[in-house]
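Everything numeric here is computed off the predicted structure, so don't read it as measured data. Residue indices begin at 1 and follow the sequence shown.
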Amino acid sequence: MMRRSYDSDDVVFATALAASAHAIHSQLEAAKFQVQHTKASNTRKLEPYRAPQGGPIRKPSTKETTTRSSSFVRPTVSLAEEQRQKQTSIWGLRSSDAKADAWEKAQIAKIRKRYEKMHSQIQAWENEKKLREKHQMERKKDELEQRKSRNLKHYYSKIARIDHIAGGARAQVDEKRKHEESIVKQKARKMRSTGKTPVTCFCF
């Protein structure tokens with residue numbers, strides 16, 4: 001039961017980390033898209049006007065010039081004023097790009113800080129699990145050593161008992177052998193003294 005709970009905690013932790021990583025990745029992609037969109041808009045503003053292609057350039061006639069002049073009166077602006085307005089527009093666009101770059105760097109720094117925090121959490125989780133597994137392994141190793149010691153003691157006890165039983169059996173066999181040999185020797189002395197062969201009795 002404890003092992004099953006231990007595995008479920010690991011799954012929950014891994015799922016939470018994956019969800020956080022996906023959310024941070026989405027934020028990073030959105031930030032990059034916004035910066036690219038801002039730069040693209042500024043680039044389009046800086047593009048000069050290009051005349052349409054596909055025809056020879058002809059000088060307008062006096063009649064056309066008069067007609068256009070009568071329908072549209074262009075305000076008189078000096079060349080210096082045009083240059084100043086153009087320069088101001090360029091500086092404004094550059095300032096916008098600089099703000100976008102600064103915003104991009106700040107957002108990426110925040111996102112990377114979050115990822116670093118997640119890496120730290122993963123490292124702490126990894127260290128904790130490895131340390132727990134090491135302690136379990138050492139505890140099992142100690143249990144095995146204790147079991148091995150108990151098994152050795154039990155083994156030596158059994159061996160000692162077997163040696164004791166075998167030694168007692170040998171002693172009994174040797175004692176019976178000596179007793180029978182003693183009987184045979186007594187009968188042999190009697191034969192020598194009487195000259196008669198003793199009667200052998202087979203008793204069951």
Distance-only check: which donor-acceptor pairs under 3.5 Å involve side-chain atoms of residues 116-123, not counting sequence neighbours?
{"residue": "Ser120", "atom": "OG", "partner": "Glu116", "partner atom": "O", "Å": "3.0"}
{"residue": "Gln123", "atom": "NE2", "partner": "Asn127", "partner atom": "OD1", "Å": "3.2"}

List, one per line, each side-chain donor-acceptor pair under 3.5 Å for residues 146-162, sequence neighbours excluded.
{"residue": "Asn151", "atom": "ND2", "partner": "Arg147", "partner atom": "O", "Å": "3.2"}

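Residue pairs satisfying the side-chain hydrogen bond (donor to acceptor under 3.5 Å, both in side chains) criterion with at least one member in residues 162-177, sequence neighbours excluded, are listed as follows: Arg177-Glu181.
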Can Glu180 and Val184 be said to form a side chain to side chain contact (heavy atoms under 4.5 Å, CB included), step by step? CA-CA 6 Å; Glu180 291 179 3; Val184 170; 5.6 Å; no

Derivation of the side chain to side chain contact (heavy atoms under 4.5 Å, CB included) call for Lys140 and Met137: CA-CA 5 Å; Lys140 289 181 180 179; Met137 183 270 295; 5.8 Å; no

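Looking at heavy atoms from C-beta onward, Arg132 lies out of side-chain contact with His135 at the 4.5 angstrom threshold.
When Met191, Lys187, Lys185 are each tested for a side chain to side chain contact (heavy atoms under 4.5 Å, CB included) with Arg189, only one passes: Lys185.
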